[in-house]
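Have a look at the structure below before the remarks.
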2 protein chains.
Amino acid sequence: MTSERDVTARAQIRNCALRLFGERGPDAVTVRDIAACAGVSPGLVLHHFGSKQGLRDAVDAHVMTLFDEMLAGAIEDPDAFASGEPQVVKGFAELFASQVPQDSPIPPYLRRLLLSGDPVGRTLFRQWFELSLTAMDAMGAGGNVRFTPDRDAMAAFLMVNDLAMILLHDHIADAIGTDPLTQEGMQRWAAVAFDVYLNGAFTKEDS
Amino acid sequence: MTSERDVTARAQIRNCALRLFGERGPDAVTVRDIAACAGVSPGLVLHHFGSKQGLRDAVDAHVMTLFDEMLAGAIEDPDAFASGEPQVVKGFAELFASQVPQDSPIPPYLRRLLLSGDPVGRTLFRQWFELSLTAMDAMGAGGNVRFTPDRDAMAAFLMVNDLAMILLHDHIADAIGTDPLTQEGMQRWAAVAFDVYLNGAFTKEDS
DNA sequence: CAACATACTGAACAGATGTTCAATGCGCAA
DNA sequence: TTGCGCATTGAACATCTGTTCAGTATGTTG
């Protein structure tokens with residue numbers, strides 16, 4: 001009897017919570033809001049998830065699963081890793097642009113996850129940072145990335161630059177007039193990033 | 001009769017709201033929380049600011065004023081702008097590290113401002129972006145920054161990389177083991193940024 | 001058919017929250 | 001002193017919110 005799609009009411013509730021939590025923040029969303037969005041009674045939300053906190057945990061777990069699948073799919077993809085291309089540039093940002101639909105609730109939720117200070121976000125960042133380290137090492141072994149004395153800081157720098165595009169993407173779209181999470185916007189952004197990472201941003205007056 | 005410092009109760013309330021809003025988000029902070037933090041009664045909060053929304057607006061306005069002063073001071077400072085040094089690198093991030101105390105409530109609040117999607121954050125970003133554009137132009141005229149076909153995207157890229165360090169600074173501190181908003185952490189971070197912006201991050205195999 | 005498990009509803013409740021308001025204290029001018 | 005204006009309090013109120021629960025429907029198993 002679900003109106004929208006052929007998904008269980010439980011999944012419907014979880015999806016609504018994911019979207020609303022991302023848009024307004026969990027504290028500004030009531031159980032009744034979620035129930036109304038999912039077209040069910042408030043009681044059913046608690047019936048399936050025990051409590052609002054339980055629902056938050058379930059949404060967190062679901063998002064982590066989605067990310068895991070996304071990364072796993074990307075790693076298995078022969079075109080993505082271990083090729084001759086510089087991988088940190090077309091890292092998370094391009095992965096997002098290719099895998100995540102236009103109006104996906106994931107980016108807003110990711111924003112909250114990384115900036116709310118909760119342990120789930122910390123775990124996620126840590127996980128991605130480890131991945132960035134190994135990716136950079138692989139690129140270094142392939143001769144694509146310069147040697148640097150501060151390996152950790154360099155990996156963090158490149159990764160954070162990448163993440164920033166996702167976190168600030170609305171502002172960037174406002175500023176440069178193109179949404180960097182669309183295909184063409186990503187090309188424009190990647191062009192600049194590639195240029196800087198290849199040639200730097202400053203002139204060398206001494207060379 | 002204020003216990004903490006020699007500030008008016010009104011300012012005390014505003015400061016507490018700023019700190020608590022930044023830490024937990026406005027929706028998770030009650031009027032009673034703020035009153036307790038400021039050592040006053042809940043009624044006084046509403047007496048001074050009309051409503052909770054009024055207090056939020058007042059905090060926003062206060063933060064905007066602080067940023068204006070910070071930027072105005074930096075622009076007037078002969079050592080900061082219009083020198084021969086590359087300015088976008090030691091832009092907002094270093095400005096923050098030098099002007100903002102260790103446990104300042106500003107960074108957490110700035111995070112919420114930029115990522116909550118409200119118009120104040122949008123204004124702030126826009127404002128800083130315009131500043132970045134003029135700064136980059138000045139550097140270009142001075143011969144410090146390379147010519148680039150996509151001026152807007154380049155300025156946005158450099159600025160966003162800088163902002164990211166502030167937004168993600170807890171995560172970065174976790175990952176690399178040094179807080180990039182301290183003096184030594186900033187030096188480490190700036191070293192990497194300077195290196196990349198001067199020499200790039202990739203090797204050129206064709207040169 | 002009967003018994004049961006499960007999905008689901010909607011009313012009800014206790015506590016929290018934003019807000020109002022009458023009352024109090026206090027400094028200051030007349 | 002008297003009176004006025006402002007800061008401040010704390011109780012009270014209406015509403016909202018998370019949660020509980022008794023009850024209904026439906027499909028499944030014996």
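Just so we're on the same page: letters track the sequence lines, and every chain starts at 1. Reckoned from all heavy atoms, side chains included, excluding hydrogens, waters and symmetry mates. For clarity, every value in this text was computed on a predicted model and none was experimentally measured.
Close to D:dT8, at under 4.0 Å from its OP1 or OP2, lies a side-chain N or O of B:His48. Between A:His47 and C:dC8, a side-chain N or O to OP1/OP2 separation shorter than 4.0 Å is absent.
Checked against salt bridge (Lys or Arg N to Asp or Glu O under 4.0 Å), A:Arg32 has no partners two or more places apart in sequence or in another chain. Partners of B:Tyr109 according to the ring-ring contact (aromatic ring centres under 6.0 Å, His included) rule, which considers only residues two or more places apart in sequence or in another chain, do not exist here.
Taking 4.0 Å as the cut-off between side-chain N and carboxylate O, B:Arg24 and B:Asp33 count as a salt-bridged pair.
Applying the salt bridge (Lys or Arg N to Asp or Glu O under 4.0 Å) test to residues at least two apart or on different chains, the pairs with a partner in residues 164-177 of chain B are A:Arg122-B:Asp174, B:Arg111-B:Asp170. Counting only residues at least two apart or on different chains, the salt bridge (Lys or Arg N to Asp or Glu O under 4.0 Å) pairs with a member in residues 178-193 of chain B are A:Asp150-B:Arg188.
Atom CG in B:Leu44 sits about 18 Å away from atom P in C:dT24, given to the nearest Å. Here the P atom of nucleotide C:dG18 and the CZ atom of B:Phe49 are 15 Å apart, to the nearest Å.
Within the 3.5 Å criterion, the main-chain N or O of A:Leu55 finds no donor-acceptor partner in the side chain of A:Arg14. Although no hydrogens or angles enter the test, the distance criterion places a donor-acceptor pair under 3.5 Å between the side chain of B:Asp118 and the main chain of B:Gly121.
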Atom pairs, protein N/O to nucleotides 16-19 of chain D N/O, distance under 3.5 Å:
unit_1, atom_1, unit_2, atom_2, d
D:dG18, OP1, A:Lys52, NZ, 2.7
D:dG18, OP2, A:Val31, N, 2.9
D:dG18, N7, A:Arg32, NH1, 2.9
D:dG18, O6, A:Arg32, NH2, 2.8
D:dT19, OP2, A:Lys52, N, 2.7

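Axis angle between the ends of the helix from C:dC1-D:dG30 to C:dA30-D:dT1, five pairs each and rounded to 10 degrees, works out to 20°.
A perpendicular orientation is assigned to the rings of B:Trp128 and B:Phe96, their planes being inclined by more than 60° (bins at 30° and 60°).
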